[in-house]
Amino acid sequence: MPKEYRTLQEVAGPLLLVRDVEGVKYEELGEIELANGETRRCRVLEVNGTNALVQLFENSQGINLSSSKVRFLGRQMELGVSPDMLGRVFDGLGRPIDGGPELIPDKRMDVNGTPMNPAARSYPQEFIQTGVSAIDGLNTLVRGQKLPIFSASGLPHAQLAAQIARQAKVRGTTEPFAVVFAAMGITFEESNFFVESFRETGALERTVMFTNLANDPAVERIATPKMALTAAEYLAFDLGMHVLVILTDITNYADALREISAARKEVPGRRGYPGYMYTDLASIYERAGRQKGKPGSITMIPILSMPEDDKTHPIPDLTGYITEGQIILSRELYRRSVTPPIDVLPSLSRLKDKGIGEGKTREDHSNTMNQLFSAYARGKDAKELMVILGEAALTDIDKLYAKFADAFEREYVSQGNYTDRSIEETLDIGWRLLKILPRSELKRISNKLLEKYYDNLNA
């Protein structure tokens with residue numbers, strides 16, 4: 001029976017000080033029992049001698065220090081896992097909120113996980129098809145990769161996240177594929193959008209959802225991605241599934257981290273965020289990957305909205321250091337009704353060349369990807385020149401590149417939120433667009449591929 005303490009001393013927001021404790025450990029869970037028998041959960045944030053600073057999962061309203069008691073449970077936060085999690089919706093602490101029955105767990109796992117030994121990691125190299133051309137064709141996602149989406153306030157990152165979750169698949173394999181979707185600090189409307197979107201398309205059956213709403217406590221927001229990744233580790237490394245983890249919105253998570261850091265009166269770092277935010281984010285992102293000798297894998301797409309559209313803000317800045325590239329959404333493309341508004345030029349997948357080519361996607365993928373990037377960059381330059389000097393200042397070939405850039409955004413990038421393109425469709429659209437340009441301009445594609453695809457294509 002856990003020992004009870006009646007030595008509650010001080011309440012400051014979500015924090016509570018308990019004196020004269022023995023054998024209490026950092027991150028240990030506890031329960032506070034009020035005089036009326038109500039219990040509220042907490043966890044240990046700091047142990048200083050015989051004093052323990054605990055953080056409440058609920059609010060501190062109504063706690064009478066003299067008549068309340070606290071007991072520590074001798075364990076850290078855990079998630080009960082089982083194959084029945086698929087198709088279920090949980091809150092940020094792993095409790096079912098979909099009206100279904102309580103889960104009977106196969107086992108309980110510590111949500112903090114254990115770091116993956118770098119020597120045990122397998123190199124990511126298998127293509128994941130998201131059905132989104134701007135990602136599959138130009139910034140390819142591979143199994144075991146961490147590829148964040150950098151968005152901004154008001155841009156449709158929620159729709160893109162739902163689209164990827166619905167459409168993503170590992171091609172050429174019969175191995176089971178699952179999605180773990182964690183939403184942090186979102187509104188009820190957004191939460192409802194995700195649930196209904198997955199339910200309508202049948203994607204919910206292979207999805208585990210964790211939802212933390214904007215009015216839920218900050219400490220629950222910090223637990224949400226850890227719950228999601230614990231579920232993903234179970235599905236991937238115990239059940240051998242390929243798991244895609246989508247975390248949205250990392251900015252809300254970091255803001256909760258800052259809120260708790262301020263409550264603890266810690267010395268703030270850049271823009272008030274705690275100095276340990278880099279290591280905290282790394283402890284989340286680095287749980288993705290593949291392990292040697294195990295068939296499963298965890299691929300991660302964290303989504304973050306950049307405050308003030310600023311790529312140098314601490315959250316996107318630190319995320320960029322830890323992850324393997326980024327997909328950037330553009331406000332300018334969004335204004336021009338390009339859906340999804342992915343800006344392909346500053347976007348980058350550092351592992352894209354590992355997951356493409358013959359036997360993975362198609363032999364022409366690498367060449368056409370490079371040519372499309374080059375042609376689109378030149379086309380955008382030509383359009384800028386046109387704005388400054390007028391169309392008369394452009395050469396005939398510049399006008400063709402400007403035409404190509406417009407067609408590229410309209411037909412290749414803009415595909416709507418419900419179009420699921422195979423990689424072959426994406427590559428064929430690329431060839432059709434390259435037909436706008438003369439053959440002599442396609443210097444990044446081998447003659448063999450030009451003869452096979454360009455020369456035989458009906459303009």
Side-chain angles (χ1 to χ4, degrees), residues 29 31 38-41 43 57-58 73 75-111 113 158-159 161-169 175-217 219-249 252-253 287 296 298 300-301:
L29 288 180
E31 286 179 348
E38 182 191 343
T39 58
R40 295 189 191 170
R41 293 173 308 160
R43 66 166 184 163
F57 286 108
E58 293 91 358
L73 307 178
R75 57 182 170 82
Q76 295 193 340
M77 197 182 295
E78 294 174 331
L79 176 68
V81 291
S82 100
D84 299 332
M85 298 178 85
L86 290 165
R88 300 295 305 274
V89 184
F90 302 90
D91 69 4
L93 294 173
R95 297 169 297 200
I97 53 170
D98 54 2
E102 284 291 323
L103 212 64
I104 299 171
D106 278 4
K107 65 175 185 176
R108 303 193 74 83
M109 294 174 68
D110 182 351
V111 299
Q159 286 81 351
Q163 183 174 7
I164 292 171
R166 288 193 307 267
Q167 296 177 178
K169 57 181 78 69
E175 292 170 41
F177 185 80
V179 175
V180 175
F181 192 95
M184 295 159 276
I186 62 169
T187 62
F188 178 77
E189 285 77 15
E190 284 177 299
S191 168
N192 203 43
F193 161 74
F194 286 126
V195 174
E196 290 307 315
S197 170
F198 295 163
R199 189 170 278 137
E200 281 167 19
T201 55
L204 191 60
E205 291 170 19
R206 59 164 192 176
T207 303
V208 185
M209 279 193 73
F210 293 86
T211 305
N212 165 266
L213 298 179
N215 61 343
D216 288 332
V219 66
E220 183 179 311
R221 200 155 304 143
I222 284 176
T224 306
K226 295 176 182 175
M227 291 283 171
L229 283 158
T230 303
E233 284 167 351
Y234 170 73
L235 295 172
F237 304 131
D238 286 28
L239 302 186
M241 301 178 86
H242 301 313
V243 183
L244 175 65
V245 178
I246 298 176
L247 305 174
T248 179
D249 181 337
N252 294 336
Y253 170 84
R287 289 173 75 171
I298 298 176
M300 188 186 296
I301 299 182

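No side-chain donor-acceptor contact under 3.5 Å links Glu102 to the backbone of Pro96. Of the possible polar contacts, one joining the Asn212 side chain to the Gly185 backbone as a donor-acceptor pair under 3.5 Å is found. Looking at Glu31, its side chain never comes within 3.5 Å of a backbone N or O of Thr39 through a donor-acceptor pair. Panel note: side chain Arg221, backbone Ala214; a donor-acceptor pair is recorded below 3.5 Å. A donor-acceptor pair under 3.5 Å is formed between the side chain of Lys169 and the backbone N or O of Gln167. Of the possible polar contacts, none joining the Arg108 side chain to the Met77 backbone as a donor-acceptor pair under 3.5 Å is found.
Considering only residues two or more places apart in sequence or on other chains, Arg287 meets the side chain to side chain donor-acceptor pair (under 3.5 Å) condition with Thr230, Glu233. With sequence neighbours left out, Glu205 forms a salt bridge (Lys or Arg N to Asp or Glu O under 4.0 Å) with no residue at all.
No option in Ile97, Val179, Val195 other than Val195 meets the side chain to side chain contact (heavy atoms under 4.5 Å, CB included) test with Met209. Exactly one residue among Leu247, Leu79, Leu229, Asp91 makes a side chain to side chain contact (heavy atoms under 4.5 Å, CB included) with Phe210. That residue is Leu79.
Within the model, atoms CG of Leu244 and CG of Leu235 stand 12.0 Å from one another, a figure rounded to the nearest 0.5 Å.
Within the structure, salt bridge (Lys or Arg N to Asp or Glu O under 4.0 Å) pairs that include any residue of residues 183-198 comprise Glu196-Arg199 (at least two apart or interchain).
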Does the pair Phe57 and Arg40 meet the rule for a side chain to side chain contact (heavy atoms under 4.5 Å, CB included), with working shown?
CA-CA 7 Å; Phe57 286 108; Arg40 295 189 191 170; over 6 Å; no
